[in-house]
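Reading through the structure tokens given below for one structure.
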Amino acid sequence: MNWKRVIKSGLLLVILAAVFLSACQKETSAEQEPDPQKGIYNIYYKNAKGTELLSSTVELGDDVHDRKNIVDALLKELQSQKQDDPSMIPAVSSNLEVISCDSSLPPFLTVNFTKTYSEQSSEDEILCRAALVLTLTQIPEIEYIDIHVEGQPLLDSSKRPVGKLSADKFMSDTNGNMYSRQKNTLILYFASKDGKALEEVERTVLNDSSMAMEKLVMQLLIEGPPDDSTRAVLPDTVSLLDISIRSGTCYVNFDSSFLNETMDLDPKIIVYAIVNSLSELSDVSQVQIMVNGSSDVKFKDSLSLSKPFTKDLNYLFVQEEETEGGTLSEE
């Protein structure tokens with residue numbers, strides 16, 4: 001018997017077996033299609049730049065069957081680093097402590113966080129919110145996620161409850177596995193420090209890519225200026241009921257707080273801060289301001305809102321031409 005040939009054949013079989021096993025391992029570790037009925041879920045992470053969500057599947061253990069255990073397991077995955085891809089970062093930080101979860105009343109699931117949730121940057125919070133909703137609404141019978149902070153409903157930048165969120169609130173790509181944000185640079189108008197004129201303020205923000213630009217402009221105006229070099233023109237308690245653009249006219253509909261809770265400023269400063277800011281958008285040529293759906297209103301009992309306004313830079317503060325009382329032009 002040729003032992004050398006036998007040994008070589010044996011070694012060849014071992015090598016082939018190793019290659020075969022390696023191929024099998026690669027195949028079984030490949031990304032699976034999400035199938036909650038089989039315990040396979042998409043987990044949503046944010047990319048290294050923190051600008052969008054990416055998903056990867058995970059298979060929960062055989063012992064994870066009831067809804068409470070599934071919720072706990074998915075939250076644990078959401079707050080864990082993806083071991084085989086360091087570029088996929090948890091969108092729900094491990095620093096965010098969950099006080100409780102209540103899934104006893106499907107289709108609703110309430111997740112209650114400690115106050116650290118509200119200490120996130122606005123960019124991180126919207127991605128965190130999206131990751132929670134997109135991941136947890138995969139659970140059978142769960143369609144809406146209600147996020148609470150210290151037992152109170154989560155509020156948006158206008159101090160209004162975000163409410164119960166479904167997956168269709170968040171934009172996804174054609175594969176349904178990405179929630180994206182986009183960078184926008186906007187020109188906004190706020191009041192000068194003395195409140196007698198307008199000043200341009202450039203803001204660069206990362207925002208939900210599904211948000212209409214006119215709504216983003218108004219959201220930033222309501223939030224107020226980024227520093228104390230200018231003054232807010234709207235209180236953060238004002239409520240924007242609706243905003244839309246039709247045939248070049250932007251229709252801005254406030255509730256009655258626009259009349260009752262406005263700042264101590266010339267009404268033209270407030271109105272033209274809104275009009276000029278929205279008119280910076282390429283598809284806006286004029287702005288119609290309404291209160292509870294009506295334009296038959298006199299703002300601060302002096303300025304009629306009955307007709308649309310067009311952009312007017314006569315109210316702009318110009319440092320080198322400053323005169324007593326500022327450079328506010330009178331109409």
Side-chain angles (χ1 to χ4, degrees), residues 31-47 49-60 64-80 82 85 88-93 96 98 100-113 117-118 120 122-149 153-158 160-182 206-212 215-216 219:
E31 196 79 4
Q32 304 177 75
E33 288 294 320
D35 186 348
Q37 297 296 337
K38 296 180 179 179
I40 303 172
Y41 290 83
N42 266 337
I43 303 297
Y44 288 80
Y45 303 84
K46 63 183 178 182
N47 66 350
K49 293 182 179 180
T51 57
E52 64 184 18
L53 291 186
L54 307 171
S55 70
S56 179
T57 56
V58 63
E59 185 171 1
L60 304 183
V64 181
H65 295 295
D66 67 273
R67 193 182 301 123
K68 181 181 183 304
N69 286 342
I70 293 173
V71 172
D72 292 343
L74 291 178
L75 284 172
K76 182 178 179 180
E77 293 290 342
L78 278 168
Q79 294 185 298
S80 300
K82 193 172 187 302
D85 191 347
M88 298 176 73
I89 302 167
V92 184
S93 170
L96 303 182
V98 178
S100 62
C101 293
D102 183 2
S103 60
S104 61
L105 296 173
F108 305 108
L109 166 62
T110 300
V111 185
N112 185 26
F113 289 91
Y117 185 95
S118 297
Q120 300 178 93
S122 58
E123 292 82 5
D124 287 340
E125 191 280 322
I126 190 65
L127 287 177
C128 175
R129 189 193 313 176
L132 285 165
V133 173
L134 292 172
T135 299
L136 297 176
T137 53
Q138 296 172 89
I139 300 172
E141 299 184 344
I142 297 298
E143 298 177 21
Y144 300 92
I145 307 301
D146 194 6
I147 302 173
H148 284 212
V149 179
L154 176 66
L155 303 179
D156 62 16
S157 59
S158 301
R160 295 177 298 179
V162 169
K164 298 173 176 62
L165 300 168
S166 59
D168 60 9
K169 292 289 184 183
F170 299 96
M171 186 177 180
S172 60
D173 67 6
T174 54
N175 296 319
N177 66 356
M178 183 183 294
Y179 172 70
S180 62
R181 295 174 65 75
Q182 61 187 8
L206 281 174
N207 62 285
D208 172 358
S209 60
S210 65
M211 178 183 289
K215 185 175 182 180
L216 175 62
Q219 177 179 297

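Both backbone and side-chain heavy atoms feed into the values below; hydrogens, waters and symmetry mates do not. Owing to the predicted nature of the structure, the values given are computational and were not obtained by experimental measurement.
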**Item:** Any donor-acceptor N/O pair, Q79 side chain to S93 backbone, under 3.5 Å
**Value:**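 Judged by distance alone, yes, a pair lies under 3.5 Å.
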
**Request:** Would you please name every residue forming a salt bridge (Lys or Arg N to Asp or Glu O under 4.0 Å) with E77, sequence neighbours left out?
**Result:** none

Determine whether [X] and [Y] make a side-chain contact, defined as any pair of heavy atoms from C-beta on separated by less than 4.5 Å.
{"X": "Q138", "Y": "L74", "value": "no"}
{"X": "T137", "Y": "L109", "value": "no"}
{"X": "D102", "Y": "F108", "value": "no"}
{"X": "I70", "Y": "R67", "value": "no"}
{"X": "L75", "Y": "V92", "value": "no"}
{"X": "L78", "Y": "L132", "value": "yes"}
{"X": "K68", "Y": "C101", "value": "no"}
{"X": "L53", "Y": "K46", "value": "yes"}

Nearest 0.5 angstrom please: [X] [atom1] to [Y] [atom2], how far?
{"X": "I40", "Y": "D35", "atom1": "CD1", "atom2": "CG", "answer": "5.5 Å"}
{"X": "K164", "Y": "I145", "atom1": "NZ", "atom2": "CD1", "answer": "11.0 Å"}
{"X": "D146", "Y": "N112", "atom1": "CG", "atom2": "CG", "answer": "9.5 Å"}
{"X": "L136", "Y": "Y41", "atom1": "CG", "atom2": "OH", "answer": "10.0 Å"}
{"X": "L165", "Y": "I147", "atom1": "CG", "atom2": "CD1", "answer": "6.0 Å"}
{"X": "Y44", "Y": "S55", "atom1": "OH", "atom2": "OG", "answer": "5.0 Å"}

**Message:** Closer than 4.0 angstrom, basic N to acidic O: yes or no for D72 and K76?
**Reply:** no

**Request:** Report the C-alpha separation of K82 and I43 in whole Å, then their side-chain angles, then the decisive distance to 0.1 Å, and conclude whether the side-chain contact (heavy atoms from CB on, under 4.5 Å) test is met.
**Result:** CA-CA 10 Å; K82 193 172 187 302; I43 303 297; over 6 Å; no

Taking all heavy atoms of [X] and all of [Y], pick out the closest pair and write down the distance.
{"X": "L155", "Y": "P161", "answer": "CD2-N, 3.6 Å"}
{"X": "S118", "Y": "V149", "answer": "OG-CG1, 3.5 Å"}
{"X": "A91", "Y": "C128", "answer": "O-CB, 3.4 Å"}

**Asked** Quick one: ring pair (Phe, Tyr, Trp, His ring centres under 6.0 Å) partners of Y117, sequence neighbours excluded?
**Response** F113

